[in-house]
Amino acid sequence: MTAAATGRVLLLVDFQTGFDDPAYGERNNPDAEANAARLLAAWRERGDPVVHVRHDSTEPDSPLRADEPGFAWKPETEPRDGEAVFVKRKNSAFVDTDLEAWLRERGRDHLVVCGLTTDHCVSTTARMAENLGFDVSVVADATATFARETHDGGTIDAAANHRAALAQLRGEFAAVVTAGDCC
């Protein structure tokens, strides 16, 4: 069965060069982009719908601002002509964008989500999608995140943070799958 037959759409979130900035620190899953590119190639080969979302930060020092080089797409996941592109300024791809209307107009009810970062924009987008009534799959090996400082001065390393973010989504908000499950 093709993605088109099931109402699925591939949603790539914030694959932007700004996330290569060393200020973000340690990142897990260096293969996230390669796995997302593999999914993207499979979707394109079938002619199935693809949506790209990128973040235009409102933070003055963010490398993800539209006027910064880090706003650029990662080359392996860059949109092609004819693929839907949405720009967001919040963590969720649904806030202040036309993404929900675009999906509903095309009868797309299942989002296969990958991107950066697992615990921020991927998670927020997946949670909101489920709350809006969409079926959601988050691709564990096509997402990644960074280490985070905790409220008490500790640190959660990037791999543990990634696993925790996926565990919090699993079952309640999304199915957690691998790129091999989705192609």
Side-chain angles (χ1 to χ4, degrees), residues 3 8-21 24 27-44 48-57 62-66 70-80 83-97 99-100 102-103 108 110-130 132 134-148 158-159 161-170 173-183:
R8 294 189 312 166
V9 62
L10 181 62
L11 179 63
L12 296 102
V13 178
D14 298 350
F15 279 115
Q16 295 169 253
T17 61
F19 281 113
D20 296 335
D21 190 310
Y24 283 106
R27 187 185 120 174
N28 79 307
N29 193 12
D31 296 327
E33 290 86 351
N35 290 326
R38 195 171 92 229
L39 283 172
L40 183 56
W43 247 259
R44 286 172 172 164
D48 292 333
V50 174
V51 173
H52 301 264
V53 176
R54 71 173 153 184
H55 194 75
D56 179 7
S57 180
S62 174
L64 303 175
R65 293 176 60 91
F71 185 70
W73 301 105
K74 296 237 179 189
E76 58 269 60
T77 56
E78 189 169 8
R80 287 187 181 164
E83 293 177 341
V85 173
F86 295 91
V87 176
K88 64 182 181 56
R89 302 203 86 182
K90 304 288 184 190
N91 290 21
S92 172
F94 290 97
V95 174
D96 297 330
T97 72
L99 176 59
E100 181 181 6
W102 187 94
L103 292 165
R108 300 293 156 190
H110 188 144
L111 279 60
V112 176
V113 183
C114 55
L116 304 171
T117 62
T118 316
D119 57 330
H120 285 174
C121 296
V122 170
S123 176
T124 306
T125 296
R127 288 168 185 259
M128 193 162 183
E130 191 280 334
L132 291 168
F134 294 97
D135 289 326
V136 182
S137 297
V138 174
V139 187
D141 58 350
T143 58
T145 195
F146 299 93
R148 304 283 183 206
N161 189 30
H162 179 73
R163 288 184 69 225
L166 293 171
Q168 292 163 7
L169 291 172
R170 185 177 168 267
F173 298 101
V176 177
V177 299
T178 66
D181 296 332
C182 297
C183 287

Practice task
For the residue pair F94 and F134, categorise the inter-ring angle as parallel (less than 30°), tilted (30 to 60°) or perpendicular (more than 60°).
Solution key: parallel
Fill in the blank from the handout: dist L39:CG -> C114:SG (nearest 0.5 Å) comes out at 5.5 Å
Fill in the blank from the handout: With sequence neighbours left out, the residues meeting ring-ring contact (aromatic ring centres under 6.0 Å, His included) with F71 are none
Handout entry: side-chain hydrogen bond (donor to acceptor under 3.5 Å, both in side chains) partners for T17, two or more places apart
Key = none
Problem - Residue pair A179 / V139: nearest heavy atoms and the distance that separates them - result: N-CG1, 3.4 Å
Handout entry: Test side chain to side chain contact (heavy atoms under 4.5 Å, CB included) applied to V9 and L99, V51, V112, the passing residue
Key = V51
Handout entry: Atom of G18, atom of P63 and distance for their closest heavy-atom approach
Key = O-CG, 3.6 Å
Problem - Gap separating the OG1 atom of T125 from the CG atom of N91, nearest 0.5 angstrom - result: 8.0 Å
Handout entry: Heavy-atom donor-acceptor pair, D14 side chain to T117 backbone, under 3.5 Å
Key = no
Problem - CZ (R170) with more than 12 external heavy atoms under 6.0 Å - result: no
Practice task
Taking all heavy atoms of L40 and all of E76, pick out the closest pair and write down the distance.
Solution key: CD2-O, 4.0 Å
Exercise for the section: Check whether any side-chain N or O of Q16 sits under 3.5 Å from a backbone N or O of H55 as a donor-acceptor pair, and report yes or no. Expected result: yes
Handout entry: Verdict with reasoning, H52 to E83, per side-chain hydrogen bond (donor to acceptor under 3.5 Å, both in side chains)
Key = CA-CA 7 Å; H52 301 264; E83 293 177 341; 2.7 Å; yes
Exercise for the section: Apply side-chain hydrogen bond (donor to acceptor under 3.5 Å, both in side chains) to S137 and list each qualifying residue two or more places apart in sequence or on a separate chain. Expected result: H110
Exercise for the section: Measure from the side-chain N and O atoms of R8 to the backbone N and O of L10, and report whether any donor-acceptor pair falls under 3.5 Å. Expected result: no
Problem - Check: R54 side chain, V87 main-chain N or O, donor-acceptor pair, under 3.5 Å - result: no
Exercise for the section: Kindly check if the number of other-residue, nucleotide or ligand heavy atoms within 6.0 Å of CG (D96) is above 12? Expected result: no
Practice task
Take atom CZ of R148 as the centre, draw a 6.0 Å sphere, and report whether it contains more than 12 heavy atoms from other residues, nucleotides or ligands.
Solution key: yes
Practice task
Under the salt bridge (charged side-chain N to carboxylate O under 4.0 Å, His left out) rule, collect the residues that match up with K74, sequence neighbours excluded.
Solution key: D20, E33
Fill in the blank from the handout: Nearest heavy-atom approach of L64 to F19 is CD1-CZ, 3.5 Å
Practice task
Taking all non-hydrogen atoms of both residues into account, name the closest pair between W43 and P49 and its distance.
Solution key: CD1-O, 3.0 Å
Completion exercise
side-chain hydrogen bond (donor to acceptor under 3.5 Å, both in side chains) filter on S92, not counting sequence neighbours, yields none
Completion exercise
Rounded to the nearest 0.5 Å, the CG atom of N29 sits from the CG atom of D141 at a distance of 6.5 Å
Problem - Side-chain donor/acceptor of D181 to backbone N/O of T178, under 3.5 Å - result: yes
Exercise for the section: Provide the closest heavy-atom pair for V138 versus A126 in the form atom of the first, atom of the second, distance. Expected result: CG2-CB, 3.9 Å
Practice task
List in chain and number order the residues that pass side-chain hydrogen bond (donor to acceptor under 3.5 Å, both in side chains) with S123, two or more places apart in sequence or in another chain; answer none if no residue qualifies.
Solution key: R127
Problem - Gap between atom CG of L11 and atom CG of L111 - 0.5 Å precision - result: 5.5 Å
Handout entry: Positive for side-chain hydrogen bond (donor to acceptor under 3.5 Å, both in side chains) with D119, one of T124, T145, T143
Key = T145
Exercise for the section: Would you mind reporting whether N28 and N161 have side-chain heavy atoms less than 4.5 Å apart? Expected result: no
Handout entry: Student check: side-chain heavy atoms of V50 and R80 closer than 4.5 Å
Key = no
